[in-house]
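This report concerns only the one structure given below.
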Amino acid sequence: MNLSPDALDERERAVLSVSSVSKSFGALQVLKDVTFSVARGETVCLLGPSGSGKSTLLRCINWLERPDAGRVFLEGEQVGLTAGGLSMSDRELSSMRTRIGMVFQHFALWPHLTVLQNVMEAPVHVQGRSKREAREQAEGLLARVGLSDKLDVFPARLSGGQKQRVGIARALAMRPALILFDEPTSALDPELVGEVLTVMRDLAHEGMTMIVVTHEMSFAREAANRVIFMDHGAIVETGRPETFFRSPTTDRARQFLLRYASSPGAAGVAGALV
Amino acid sequence: MSAADVLAILSGAVTTLTLSAIGILLGLPLGLAMALIRWGRVPLASQLVAAYVSLLRATPLVTLLLLLFFALPNVGVPIGPVSAGIIALTMNTSAFNCEVWRASLMDFPKDQLEAAQSVGMRAGLRFRRIVFPQIVQASLPALINEMSLLIKVTPVLAVVGVVDITRAAVRIGAQTYEPLPPFLVAIAIYVPIVFALVTVQRRIERRRRLLAAT
Amino acid sequence: MIHDFTVVWTERSLMLSGLANTVILSVLSAVCALFLGAMLAMLLLRRNKAPVVAARVFVDAMRCTPFLLFAYIVYYGLPSLGISFDNWSSGLLALIIYNTAYMAEILRGAAASQPPQPVEAGMAFGFSGFGLYRRIVLPPLILSAGPVVGNQVIQIIKDSAFLTIIALPELTHAASSIQSRHYVPFAAFISAVLLYWALCLVVETGVTAVGRRADARR
């Protein structure tokens with residue numbers, strides 16, 4: 001594949017570069033030729049109606065789903081496939097995944113480990129760091145997300161918001177180059193959403209590179225550097241949040257925002273569109 | 001029945017318990033290995049395991065034991081009653097254990113695995129640290145149930161001449177012309193052992209139910 | 001090897017009569033055990049102390065006893081009570097008594113997970129005692145306990161093989177005698193194993209059919 005020097009440069013500067021990714025589940029094509037990149041420190045929000053392929057796209061980035069076509073580059077290195085185009089071994093893929101953090105919609109904490117152990121587990125057993133070092137880091141991260149008093153508690157005893165904050169700490173513990181958020185607040189009771197969004201907002205301000213699939217329009221407006229709107233498996237529109245929410249250029253984006261104008265997460269959007 | 005007779009039965013009991021323990025200890029990891037093969041959908045091996053398990057769960061232990069004891073020497077593999085007994089017990093219990101392990105594996109929440117993948121855990125690590133500790137807990141009651149079932153079929157070993165409880169009882173009955181008392185003694189040894197296992201199983205089940213309710 | 005199977009084929013009438021004995025023994029004992037077990041389960045579910053305790057002790061004792069030893073006890077014990085049964089009858093009796101306990105426990109467990117409302121409705125309409133049990137409690141119970149009962153039927157088929165030790169001419173016994181007369185152990189026992197497998201497939205098909213019937217009524 002011939003790339004101009006500028007394009008090559010950009011790919012190397014970008015933390016993440018997704019190129020022509022397509023994915024079908026059986027007869028249903030869920031992703032159609034998706035291309036975008038994310039620069040260091042950027043917070044990108046993926047928005048769109050259900051079924052638009054946002055989550056699938058996210059899962060293709062760390063190869064939890066395998067794209068049918070296209071390529072993914074993390075800091076210039078290809079994810080999931082070797083240089084020769086063959087599937088990466090479990091070892092190579094796992095090594096790349098240590099650099100991509102993920103936060104799951106349903107938290108996916110490991111129930112047989114305490115909160116502290118959940119955050120220490122991968123640094124110790126995957127990165128080979130010492131238990132002392134991992135513990136110090138874990139305690140620091142859990143303090144940062146406001147859970148210092150829950151270190152020795154098992155996940156079953158936590159609220160949804162607390163579990164998700166542990167999930168974020170767990171992802172941070174690996175010191176990843178970027179973190180993927182797959183609808184992090186969709187499974188939470190409304191009153192618990194705020195505590196998680198606060199942590200995420202702080203992370204964004206601190207310069208973490210983040211890709212967030214979400215329905216929380218307020219978060220997108222306040223914390224995102226860029227918004228990518230998807231529909232039916234393709235990127236329809238991208239832009240800065242101020243532009244996107246105030247004056248979307250495409251009809252489909254407009255329709256989507258109108259529909260969300262009446263939902264709780266879109267406070268202020270309706271007024272902006274009028 | 002004399003004291004010597006009771007002693008003979010007790011020494012038979014030692015044999016029974018030893019062979020049961022061996023069968024249990026071999027059958028547990030073997031069942032797990034087969035369950036993992038099916039869970040991982042290894043081509044060809046999965047189908048072979050499925051057929052093997054189906055066949056073995058349908059085969060009476062006595063038939064399997066006689067098959068091994070008589071057929072193996074016929075194809076040039078000399079085998080004694082104890083070895084045949086151990087192999088038969090192991091083959092039998094591993095098939096049932098496989099289904100128990102498999103049920104826990106299939107029930108295992110996929111998102112915990114994805115979380116493990118997302119932090120870069122390789123397959124071996126994922127299994128060792130995340131899957132195994134939890135499926136052991138989930139499978140424990142059913143595995144203990146299977147242990148109690150294994151102990152209950154050990155009298156079959158007498159059929160090929162292993163000097164276990166049953167054979168000792170049969171021998172004493174034949175000598176004293178009073179077949180009943182030695183069998184009652186044999187049962188008196190089995191019942192508390194099986195009962196102990198069943199009680200442990202019930203207790204574990206109750207504790208898990210209580211934990212799940214909180 | 002093929003020759004061995006040919007030998008077994010020439011003895012097929014013996015094998016088939018062994019199979020027939022296995023089937024008859026299993027079906028008879030399964031039906032009787034299910035019927036008697038249902039009665040016994042009724043006792044287990046009652047409130048007054050004495051019958052529950054007696055039933056409980058019986059069920060627990062049977063569930064902790066190896067079947068092979070119990071078969072011996074029945075076979076050798078009956079003559080001392082003055083009853084002289086042949087090996088067929090004592091084998092059948094042992095299977096029935098033993099599995100009545102198991103069926104009772106299965107039905108009791110299934111009853112514990114049944115919703116109480118249909119039974120309460122039955123009582124409100126005037127059903128009581130045995131009639132209530134037979135027409136209101138039992139049918140949905142048997143449908144929902146289908147798979148577990150099916151499992152127990154398979155267990156009965158396998159337990160019947162133990163009766164070879166009291167020289168009952170069932171399937172394993174037939175394979176054994178073919179083996180000892182013609183020295184074809186592999187062929188004889190593999191044939192028996194395949195026949196047992198076929199029997200289990202039949203039972204599992206029946207269980208699936210019952211399950212489908214149960215689903216239709218859910």
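Lettering follows sequence order; numbering is per chain, from 1. As the structure is a computational prediction, the values presented were derived from the model and not from experiment. The figures that follow rest on heavy atoms only: side chains count, while hydrogens, waters and symmetry mates do not.
For A:Ile100, the part lying under 4.5 angstrom from a heavy atom of chain B is the backbone only. Residue contact with chain A, scored on non-hydrogen atoms closer than 4.5 Å, involves the side chain of B:Leu125 exclusively. Proximity to chain B is absent for every atom of A:Leu93, based on heavy atoms less than 4.5 angstrom apart.
Side-chain N or O atoms of A:Asp90 include none that pairs as donor or acceptor with a backbone N or O of B:Arg122 at under 3.5 Å. Of the possible polar contacts, one joining the A:His112 side chain to the B:Arg129 backbone as a donor-acceptor pair under 3.5 Å is found.
Heavy atoms from other residues, nucleotides or ligands lying under 6.0 Å from CZ of A:Arg99 number more than 12. The 12-atom threshold is exceeded at CZ of B:Phe108, counting heavy atoms of other residues, nucleotides or ligands nearer than 6.0 Å. Heavy atoms of other residues, nucleotides or ligands lying less than 6.0 angstrom from CD of B:Gln137 number 12 at most.
In terms of heavy-atom proximity, A:Ala108 sits nearest to B:Ala115 at O-CB, 3.5 Å.
In this structure, B:Val119 and A:Thr98 have side chains that are not in contact, with every pair of non-hydrogen atoms separated by 4.5 Å or more. Contact of the B:Asp111 side chain with the A:Gln105 side chain is not registered, since no non-hydrogen atoms from C-beta on lie closer than 4.5 Å. A:Arg97 is not listed as a side-chain neighbour of B:Met121, based on a closest heavy-atom distance of 4.5 Å or more. The closest side-chain heavy-atom distance from B:Gln134 to A:Pro111 is below 4.5 Å.
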Requested in this report: Decide yes or no on side chain to side chain contact (heavy atoms under 4.5 Å, CB included) for B:Gln117 and A:Met102, but give the supporting numbers first.
Outcome: CA-CA 10 Å; B:Gln117 286 173 304; A:Met102 191 162 201; over 6 Å; no

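The distance from the OG atom of B:Ser118 to the CD1 atom of A:Ile179 is 10.5 Å, given to the nearest 0.5 Å. Here CH2 of A:Trp110 is found 11.0 Å from CZ of B:Arg126. Values are rounded to the nearest 0.5 Å.
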